[in-house]
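Whatever order the structure lists them in is the order used to number ligands and atoms, beginning at 1. Computed from heavy atoms alone, side chains included, the values below leave out hydrogens, waters and symmetry copies.
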Amino acid sequence: MPMSKKRYEDLRSSQWFAAAGMPGFIHRERISQAGYTRSDYEGRPAIGVFSTWSELNPCHIHFRERAEDVKRGIWAAGGFPLEVPCMSLGEPFMKPTTMLYRDLLAMEVEENLRAHPLDGVVLMGGCDKTTPAMLMGALSMNLPAIYIPAGPMLSGRWRGHMLGSGTDAKRWHDELKAGNITEEQYREMETAGARSAGHCQTMGTASTMTSLAEAMGFTLPGAASIPAPDSRHRHMASDSGRRIVEMVWDDFKPSDFVTASSFRNAMLVLVALGGSTNAPIHLLAMAKRSRIPLALEDFDAISESAPVLANIKPSGKYLMEDFFNAGGLPALMSRISDLLDLEATGVNGKNWRENLKHAEIFDEDVIRPRDKPFSKRGGIAVLKGNLAPDGCLIKPSAGSDHLMKHRGKAFVFESRDDAFARLNSSDLDIDENSILVLRNCGPVGRGMPEWGMLPIPDRLLKKGVRDMVRISDTRMSGTHFGTVVLHVSPEAAVCGPIALVEDGDEIEIDVDARKLTLHVSDEELARREKSWKPKHPDPEGIWRTLYADRVSQAHRGANVDILGNPPQFIAGQCYC
Ligand code: FES
């Protein structure tokens, strides 16, 4: 491990606080204004505690208290903690999508580190995009950094049913529309589903990304599975505070433990968890910041080599609290240890061989044996074809067996509003074999909101239909489910082939063959392309305009590509 003990005068913060003359005077004068004496900071590493607390982010509502636990650990280890608020990116309230702001938070983290007298950082996130965003910033700045996942909220319960975030809101809404429960019963669930602080307790994007952060070595082992209100979450926070001080003295940075093996381990864990379809887009962006080669196709190759073992909603039956009680992520990793690179290390300075030594599985139905996997189909399948030349994704374990190979007629919607306005119209001759296509919602078009799981039309729900093939150039919530093809690249806004689909065209999906085919001749597509005009709305505001100009396509991580790389596509310019 490339570690050299640092002296105080080597630290960045000493250039501020121990500086001679007036600059040093001003820094000391102003930190004194904040209530600190020389003995609070002299000779101590200054540690940023970057908190994404916000009253508009209920997943992080415990972060004020948790930041105090982190600071307690930092003081105890001889550090000097300084809490810094960062943009919170609360999924439930930011519209149309937090995805538009992932890279803004990444830049905020990077520049907060670059500009301030800090030697290391504890990053506090959890709600979907906060994890990749904060890690991207830390990877770019490459100062010692440790991640504190918010932890999942407690399991929801309603009338004997387990309620999982997002998943059951959607599932029971379908039952409401089918007439199987009443409006009053549906409303009762509002207070039963999210009953504590913490992120979504399904294997949605938050649980997936915090688990992958752990698998990459960015957290203390076991951190990602601890429920937010559990006292062990507080212990993990103060332990992380203690550890970051050691990391600064040892000069132990992300570049010392984030390698190609870390990404490979994260991808294997993604498969074994049956994790979110959003993970590839974030790992691709993080790999770019790490300058480690990673391509969409790598996810498919990995999916073939690992089984889905976690029986957790939305694919499975249980929730994160059950997963924690079953042994948590180290237990799951121990079950695939022969596939992992056990020499990869993490923030505690140990490799996975040591970190998994005491891992045990306490519930074989939650973390399945290798010979009885939850799903044999693999976590994420990457499909290609003339409808998605650069690829698209599907999560087979969350889809229906009978739709894994399917051919049907397309019904095309230009926007979500268009879909919601027309899906239940009696004029549309949609049946369970139809394929719903949603477009103009990709990175350039709308910033990729989680609109990909279009609702099943009410009359089909009443007939008992619960799944159909849906295809879009956008994302869906990691808590959602169904035979949903996402991230079609290139997107409609840059005239990817999805822009040229017409109602009634035949589309064929074949997951085992990894194919997505639009059965329209090349000549006909060329004819349609000539008359194509962009149909996505102009972006509003400075950031969204900059984002639409510089964002890369989904298969490249939908990354704002302004770090020396030209954009792949220009908004409104035809790709074909
Ligand atoms: Fe925050 Fe799901 S809403 S993690």
Side-chain angles (χ1 to χ4, degrees), residues 51-64 66 86-102 105 123-135 147-156 162-173 189-214 219 223-230 233 270 273-279 281-282 312-315 318-321 323-324 329 395 398 448-453 475-481:
S51 168
T52 46
W53 176 88
S54 159
E55 285 187 329
L56 280 170
N57 190 348
C59 302
H60 298 179
I61 209 69
H62 55 312
F63 272 5
R64 275 180 165 172
R66 208 55 87 249
C86 293
M87 194 180 194
S88 189
L89 307 191
E91 285 294 318
F93 302 116
M94 289 187 90
K95 305 294 178 198
T97 170
T98 52
M99 186 65 192
L100 275 167
Y101 303 104
R102 180 196 68 187
L105 174 57
L123 303 159
M124 300 177 67
C127 192
D128 291 22
K129 315 304 179 295
T130 53
T131 300
M134 296 188 105
L135 298 186
Y147 192 63
I148 296 214
M153 66 177 90
L154 298 176
S155 300
M162 202 180 269
L163 291 185
S165 319
T167 307
D168 284 297
K170 175 74 186 105
R171 201 183 299 279
W172 286 103
H173 191 244
M189 291 180 216
E190 284 175 11
T191 51
R195 61 191 183 89
S196 79
H199 60 68
C200 291
Q201 82 295 59
T202 39
M203 188 47 71
T205 305
S207 303
T208 302
M209 290 310 301
T210 54
S211 298
L212 302 194
E214 180 174 331
T219 76
S225 317
I226 310 171
D230 195 297
H233 196 270
L270 169 64
L273 287 172
S276 168
T277 49
N278 288 313
I281 213 163
H282 299 318
I312 305 177
K313 290 177 180 230
S315 301
Y318 297 100
L319 293 171
M320 286 301 287
E321 200 178 334
F323 184 63
F324 175 63
L329 191 70
K395 182 173 169 180
M448 292 193 92
E450 294 181 333
W451 294 345
M453 191 181 75
R475 301 177 303 120
M476 75 171 179
S477 164
T479 65
H480 284 172
F481 51 89

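- Across all non-hydrogen atoms, the minimal contact from Met134 to Met124 is SD-O, 3.5 Å.
- Nearest heavy-atom pair across Tyr147 and Thr131 is OH-OG1, 2.7 Å.
- Near Cys59, meaning under 4.0 Å from any of its heavy atoms, are these atoms of ligand 1: 1 (Fe), 3 (S), 4 (S).
- For atom 2 (Fe) of ligand 1, the nearest protein heavy atom (residue, atom name, distance) is Cys200 SG, 2.1 Å.
- No side-chain heavy atom of Trp451 sits under 4.5 Å from any side-chain heavy atom of Thr97.
- Among all heavy-atom pairs drawn from Gly166 and Thr479, the shortest one is CA-OG1, 3.4 Å.
- Listed by atom number, the atoms of ligand 1 under 4.0 Å from Ala206 heavy atoms are 4 (S).
- Short contacts between ligand 1 and His199, defined as distances under 4.0 Å to a heavy atom of the residue, involve ligand atoms 4 (S).
- Counting backbone and side-chain atoms alike, Cys127 contributes an N/O/S atom closer than 2.8 Å to atom 1 (Fe) of ligand 1.
- Taking both residues in full, the closest heavy atoms of Cys59 and Ala150 are given as O-CB, 4.0 Å, listed atom of the first, atom of the second, then distance.
- Of all the atoms in ligand 1, the ones that sit under 4.0 Å from a non-hydrogen atom of Glu91 are 3 (S).
- Ligand 1 is approached by Pro92 to a heavy-atom distance shorter than 4.0 Å.
- Of all heavy-atom pairs between His233 and Ala228, the closest is CB-O, 3.6 Å.
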